[in-house]
Amino acid sequence: ETGVTQTPRHLVMGMTNKKSLKCEQHLGHNAMYWYKQSAKKPLELMFVYSLEERVENNSVPSRFSPECPNSSHLFLHLHTLQPEDSALYLCASSQEGGRADEQYFGPGTRLTVT
Amino acid sequence: GNSVTQMEGPVTLSEEAFLTINCTYTATGYPSLFWYVQYPGEGLQLLLKATKADDKGSNKGFEATYRKETTSFHLEKGSVQVSDSAVYFCALSQFSSGSARQLTFGSGTQLTVLP
């Protein structure tokens with residue numbers, strides 16, 4: 001595997017389900033991110049894990065819960081979602097502390113909440 | 001706070017036409033600037049970047065110049081191809097809290113190139 005991978009690529013869940021999105025980066029980076037991409041809206045940064053520090057967007061509802069067990073893996077735990085949470089969820093990684101500051105994105109998980 | 005404003009789409013061009021997608025930004029200090037591209041069904045790919053004023057980023061025939069005086073980073077390509085059809089995002093990167101950089105994105109511009 002190379003780059004940033006995400007599983008599953010597609011997910012359909014009911015509002016009472018609990019599911020998790022997984023992201024893995026194979027680039028040796030030390031920061032990982034979750035973004036939400038909804039139709040006709042700018043990309044929204046949800047969570048950042050950088051050098052062991054978690055930074056979050058305070059507007060993200062508590063039904064989204066991130067977990068970063070190590071620098072290569074990132075999860076987004078979902079529970080009691082709403083239909084408006086249907087979107088493409090993108091994971092990204094970057095190398096913080098160096099000259100390069102670009103982020104590398106995975107292919108995304110297309111989530112549909114029914 | 002930081003913000004990025006980019007040209008409203010969609011943009012439809014014929015093959016070999018000249019492309020410009022405008023992007024302006026608001027930020028304190030000296031952010032890095034990026035263009036990302038998203039092909040259908042895929043995530044975002046970095047297209048090009050510039051880290052300081054007057055830098056020109058270029059890749060795959062696309063170019064953008066970091067203009068601090070006009071706070072702009074317009075994307076250009078001299079001759080577009082059908083395969084360039086995608087959504088293009090302008091973004092800036094700046095340190096936020098602690099050591100984390102955060103990307104601020106524009107709303108994206110859908111480009112369709114017709115044969």
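Lettering of chains follows the sequences in order, A, B, ..., and the numbering in each one begins at 1. As the structure is a computational prediction, the values presented were derived from the model and not from experiment.
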Set out, in order, the CA-CA distance, both residues' side-chain angles and the distance that settles side chain to side chain donor-acceptor pair (under 3.5 Å) for B:Thr104 and B:Tyr25, then state yes or no. CA-CA 10 Å; B:Thr104 301; B:Tyr25 68 90; over 6 Å; no
Considering only heavy atoms, which portion of A:Gln6 lies under 4.5 Å from any heavy atom of chain B: side chain, backbone, both, or neither?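 Neither; nothing under 4.5 Å.
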Answer with side chain, backbone, both or neither: which region of A:Arg110 has an atom nearer than 4.5 Å to a non-hydrogen atom of chain B?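 Looking at A:Arg110, nothing touches chain B.
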About how many Å separate CG of B:Leu103 and CG of A:Leu43, when rounded to the nearest 0.5 Å?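 Between atom CG of A:Leu43 and atom CG of B:Leu103 there are 9.0 Å.
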Centroid-centroid under 6.0 Å between A:Phe47 and A:Phe64 rings: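 No, too far apart.
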With a 4.5 angstrom heavy-atom cut-off, could you sort out which part of B:Phe105 is near chain A: side chain, backbone, both or neither?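 For B:Phe105, backbone and side chain are both near chain A.
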Side chain, backbone, both or neither: which part of B:Gln45 has a heavy atom under 4.5 Å from chain A?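 Contact with chain A involves no heavy atom of B:Gln45 at all.
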Salt bridge (charged side-chain N to carboxylate O under 4.0 Å, His left out) contacts in which one or both residues fall within residues 78-94 of chain B, not counting sequence neighbours: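 Salt bridge (charged side-chain N to carboxylate O under 4.0 Å, His left out) check on residues 78-94 of chain B returns B:Lys77-B:Asp84.
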